[in-house]
Trainee: 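Quick one: the structure is below, and I'll ask about it shortly.
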Amino acid sequence: IQFCQPIGHRQIDGDYIESWQPHPCKDIVKKKCEEISSKVVEKLGGYGIFGVELFVKGDEVYFSEASPRPHDTGLVTLITQNMSEFQIHARALLGMNVPEIDLYSYGASRALKLEGTTDDLHIQTNKNTIDNTDIRIFGKQTVNGSRRVGVLLSKHKSIEEARNTTKLLLNYVTITPENMKKII
């Protein structure tokens, strides 16, 4: 069992809005998180990446849930690590060696979430506007209510800078039809 650096995240109404890596925490808390995660993963068994969600209050750590697959909060690994959660998962499932997971930089991800109704969604992006960022569009053309249609990624020298930059990236995404509302 290997561990990525901790990932923090923010949800609204139980839905992923943003995540960042590494989430700052004391060494004692990180150790407790790894111990709990190991126990959960060993009991579940199998191969692949497991997203183990924990709550931290002071130095106490509480188990919340586990996902035996890549998880939306782990999308931040697309820009922060030597191997994304998807690469790790695929290698493990195929029985390939998973090398040590190295964190390259502080980073953040933000869901590109829309609200409205359309079955003819078009998204245009300008990926070359802000250094050290990426915009990934999921290719969904239908929205009925609210739906995540992409992810905005940023790496920086601090978590705060990375998180702020993902907010700015919302300005570099054009959505049609224009009645679709971006949810921040």
Side-chain angles (χ1 to χ4, degrees), residues 1-113 134 136-140 145-156 158-163 166 183-184:
I1 295 175
Q2 293 189 57
F3 299 95
C4 299
Q5 289 297 311
I7 297 172
H9 70 276
R10 181 172 66 93
Q11 295 182 350
I12 295 178
D13 297 327
D15 200 15
Y16 150 78
I17 300 299
E18 67 172 328
S19 61
W20 53 89
Q21 187 186 30
H23 180 73
C25 60
K26 298 179 191 175
D27 288 341
I28 184 91
V29 170
K30 187 175 173 182
K31 184 178 179 183
K32 288 179 182 180
C33 290
E34 290 178 357
E35 288 171 358
I36 292 169
S37 296
S38 287
K39 288 178 184 176
V40 169
V41 169
E42 285 173 2
K43 288 288 186 188
L44 288 172
Y47 298 94
I49 196 158
F50 291 78
V52 180
E53 187 175 296
L54 305 164
F55 293 114
V56 177
K57 183 177 180 184
D59 289 347
E60 295 301 314
V61 179
Y62 305 94
F63 174 74
S64 173
E65 66 180 31
S67 299
R69 58 175 169 69
H71 198 270
D72 47 13
T73 55
L75 289 169
V76 69
T77 64
L78 290 167
I79 201 161
T80 56
Q81 300 182 162
N82 61 321
M83 294 179 63
S84 74
E85 66 175 346
F86 302 106
Q87 292 169 302
I88 295 167
H89 192 62
R91 291 179 72 98
L93 290 175
L94 294 170
M96 297 171 66
N97 177 46
V98 177
E100 188 171 331
I101 302 160
D102 293 323
L103 183 75
Y104 286 155
S105 70
Y106 293 101
S109 70
R110 177 175 300 274
L112 176 56
K113 189 174 178 182
D134 196 5
R136 306 276 178 102
I137 303 303
F138 299 156
K140 300 174 179 177
S146 64
R147 187 174 199 187
R148 278 179 273 151
V149 296
V151 64
L152 312 170
L153 302 160
S154 172
K155 61 182 176 180
H156 269 282
S158 75
I159 294 167
E160 184 178 332
E161 285 180 80
R163 288 176 74 188
T166 61
I183 301 173
I184 296 175

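Note that the numbering runs from 1 along the sequence shown for the chain.
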Trainee: Minimum heavy-atom separation for Tyr106 to Thr80, with atom names?
Mentor: C-CG2, 4.2 Å

Trainee: To the nearest 0.5 Å, what is the distance between CD1 (Ile159) and OG (Ser154)?
Mentor: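 The distance works out to 11.5 Å.
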
Trainee: Do you know which of Ile79, Thr77, Ile49 makes side chain to side chain contact (heavy atoms under 4.5 Å, CB included) with Ser84?
Mentor: Thr77

Trainee: By the salt bridge (Lys or Arg N to Asp or Glu O under 4.0 Å) test, which pairs, at least two apart or in different chains, include something from residues 34-54?
Mentor: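 Of all non-adjacent pairs touching residues 34-54, none passes salt bridge (Lys or Arg N to Asp or Glu O under 4.0 Å).
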
Trainee: Considering residues at least two apart in sequence or located in another chain, which fulfil the side chain to side chain contact (heavy atoms under 4.5 Å, CB included) criterion with Ser37?
Mentor: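 For Ser37, the residues satisfying side chain to side chain contact (heavy atoms under 4.5 Å, CB included) (neighbours in sequence not counted) are Phe3, Val52, Leu54.
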
Trainee: Side chains of Asn82 and Ile101, heavy atoms from C-beta outward: is any pair under 4.5 Å?
Mentor: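 A side-chain contact exists here, since the closest heavy-atom pair is under 4.5 Å.
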
Trainee: Applying salt bridge (Lys or Arg N to Asp or Glu O under 4.0 Å), which residue pairs with at least one partner in residues 13-28 are found, sequence neighbours left out?
Mentor: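 For residues 13-28: Arg10-Glu18, Asp15-Lys113, Asp15-Arg148, Glu18-Arg110, Glu18-Arg163, Lys26-Asp59.
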
Trainee: Tell me the closest heavy-atom pair linking Gln21 and Pro6, and the distance in Å.
Mentor: CG-O, 3.5 Å

Trainee: Give the minimum heavy-atom separation between Leu93 and Tyr47, together with the two atoms involved.
Mentor: CD2-O, 3.5 Å

Trainee: Could you tell me whether Gln11 atom CD has more than 12 heavy atoms of other residues or ligands within 6.0 Å of it?
Mentor: yes

Trainee: Give, for atom OG of Ser67 and atom CG of Leu44, the distance between the pair rounded to the nearest 0.5 Å.
Mentor: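 Output value for this atom pair is 10.0 Å.
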
Trainee: Minimum heavy-atom separation for Pro22 to Gln5, with atom names?
Mentor: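 Heavy atoms of Pro22 and Gln5 come nearest at CB-CB, 3.9 Å.
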
Trainee: Restricting to non-hydrogen atoms, name the atom on Phe50 and the atom on Gly45 that form the minimum distance, rounded to 0.1 Å.
Mentor: CZ-O, 3.3 Å

Trainee: If you look only at pairs with a residue in residues 83-96, which of them pass as a salt bridge (Lys or Arg N to Asp or Glu O under 4.0 Å), with sequence neighbours excluded?
Mentor: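 Qualifying pairs, neighbours excluded: none.
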
Trainee: Taking atom types as modelled and ignoring hydrogens, do the side chains of Gln87 and Gln81 form a donor-acceptor contact shorter than 3.5 angstrom?
Mentor: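 The criterion, which ignores hydrogens and geometry beyond distance, is not satisfied for Gln81 and Gln87.
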
Trainee: In this structure, are over 12 heavy atoms from other groups packed under 6.0 Å from Phe138 atom CZ?
Mentor: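 More than 12 heavy atoms, drawn from other residues, nucleotides or ligands, come within 6.0 Å of this atom.
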
Trainee: List the steps, then state whether side chain to side chain contact (heavy atoms under 4.5 Å, CB included) holds for Val56 with Cys25.
Mentor: CA-CA 9 Å; Val56 177; Cys25 60; over 6 Å; no

Trainee: Measure the shortest side-chain to side-chain distance between His71 and His9 over non-hydrogen atoms and say whether it is less than 4.5 angstrom.
Mentor: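 A side-chain contact is absent here, since even the closest heavy-atom pair is not under 4.5 Å.
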
Trainee: Would you list the pairs meeting salt bridge (Lys or Arg N to Asp or Glu O under 4.0 Å) in which at least one residue belongs to residues 92-107, sequence neighbours left out?
Mentor: none

Trainee: Mind checking side-chain hydrogen bond (donor to acceptor under 3.5 Å, both in side chains) for Arg69 and listing every partner two or more places apart, or none if nothing turns up?
Mentor: none

Trainee: Out of curiosity, Glu60 CD to Ile28 CD1, how far, rounded to the nearest 0.5 Å?
Mentor: 9.5 Å

Trainee: If every non-hydrogen atom of Ser105 is compared with every non-hydrogen atom of Lys155, which pair is closest and at what distance?
Mentor: OG-CB, 3.1 Å

Trainee: Given Ser109, which of Ile7, Val76, Leu152 fulfils the side chain to side chain contact (heavy atoms under 4.5 Å, CB included) condition?
Mentor: Val76

